Amino acid sequence: MLIDSHCHLSHKDYENVRKIINNMEDNIMIVSGADHESNIDVVKLCSEYHNIYGVLGIHPTEITNDIEKHLKYIEEHINDRHIVGIGEIGLDYHYEYDKELQKEIFIRQIQLALQYKKPIVIHTRDAIQDTYDILNKENAYQVNVTIHCFSESLEMAKSFIKKGAKLGVGGIITFKNAKKIQEVVQNIDIKHILLETDSPYLAPVPLRGTKNEPKNVYLVAKKIAELKGMDIDNVITITTNNTVAQFDLK
Ligand code: NI
């Protein structure tokens with residue numbers, strides 16, 4: 001059984017979400033919210049499908065004037081059926097968004113996760129040091145922490161692993177120019193890795209450039225098997241167990 005530990009399946013992402021879900025057969029998806037609208041979709045999908053779990057959160061580039069209402073919605077649904085964490089939350093300095101506001105909302109969502117003892121899923125882009133420092137300062141590792149779509153250095157990977165974080169590895173690993181993340185995967189124990197697609201983004205080779213979907217997660221497993229000289233079934237079994245433990249999936 002495969003688990004896509006991080007994907008987006010909002011009605012904005014796909015014309016026919018049901019078809020995409022059916023393509024996964026009985027495999028499992030953890031669907032991530034990113035803004036208020038997608039959080040509502042996550043809650044709905046989790047209530048409808050036995051093989052869908054979800055995390056709710058406001059992405060750092062999706063903070064709007066309605067943020068209080070949006071955070072309240074997350075708290076109201078945090079103990080819903082199959083809601084297994086807070087995400088994706090974090091910092092994104094790639095674009096021109098207010099950094100102080102991002103930090104504030106990131107911290108508030110970490111505190112929410114700690115209050116309800118829920119795992120957190122982190123988005124970080126061009127902001128790794130601040131992300132690392134805030135997670136430490138807020139004692140975030142009292143709950144399970146996943147750095148989704150990990151694409152930082154091996155040194156940083158080791159620092160996060162030392163803290164107890166898991167690293168989400170997605171389609172980027174199949175890209176020809178992805179030497180950095182390939183080096184990370186080759187040099188860390190597979191027990192720290194979760195498979196993900198980040199669908200509809202980042203479709204793996206040979207589907208690069210198309211709209212990604214959760215069933216493509218096997219291509220990520222295949223590449224990891226190749227890089228680590230492991231059997232693909234072994235990669236799938238171990239990473240599935242990692243994800244079940246990380247999110248306490250029932
Ligand atoms: Ni994502």
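Remember, it's 1-based here, ligands and their atoms both numbered in the order they're listed. Along the sequence shown, residues carry numbers from 1. Excluded from the calculations below are hydrogen atoms, water molecules and symmetry mates; all remaining heavy atoms, backbone and side chain alike, are included. Quantities reported herein were computed from a predicted structural model and do not represent experimental measurements.
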*Asks:* With sequence neighbours excluded, tell me which residues meet ring pair (Phe, Tyr, Trp, His ring centres under 6.0 Å) with Y49.
*Replies:* none
*Asks:* So what's near the Ni ion (ligand 1), protein N, O or S atoms under 2.8 Å?
*Replies:* H6 NE2, H8 NE2, E88 OE2, D198 OD1
*Asks:* Under 3.5 Å, is there a donor-acceptor pair linking the side chains of H123 and E88?
*Replies:* yes
*Asks:* Testing the 3.5 Å rule here: is there a donor-acceptor pair between the side chains of H59 and T61?
*Replies:* yes
*Asks:* Report the residues that fulfil salt bridge (charged side-chain N to carboxylate O under 4.0 Å, His left out) with E37, sequence neighbours left out, ordered by chain and then residue number.
*Replies:* K12
*Asks:* Would you please name every residue forming a ring pair (Phe, Tyr, Trp, His ring centres under 6.0 Å) with F247, sequence neighbours left out?
*Replies:* none
*Asks:* side-chain hydrogen bond (donor to acceptor under 3.5 Å, both in side chains) between S38 and D35: does it pass, once the steps are laid out?
*Replies:* CA-CA 5 Å; S38 57; D35 59 11; 2.6 Å; yes
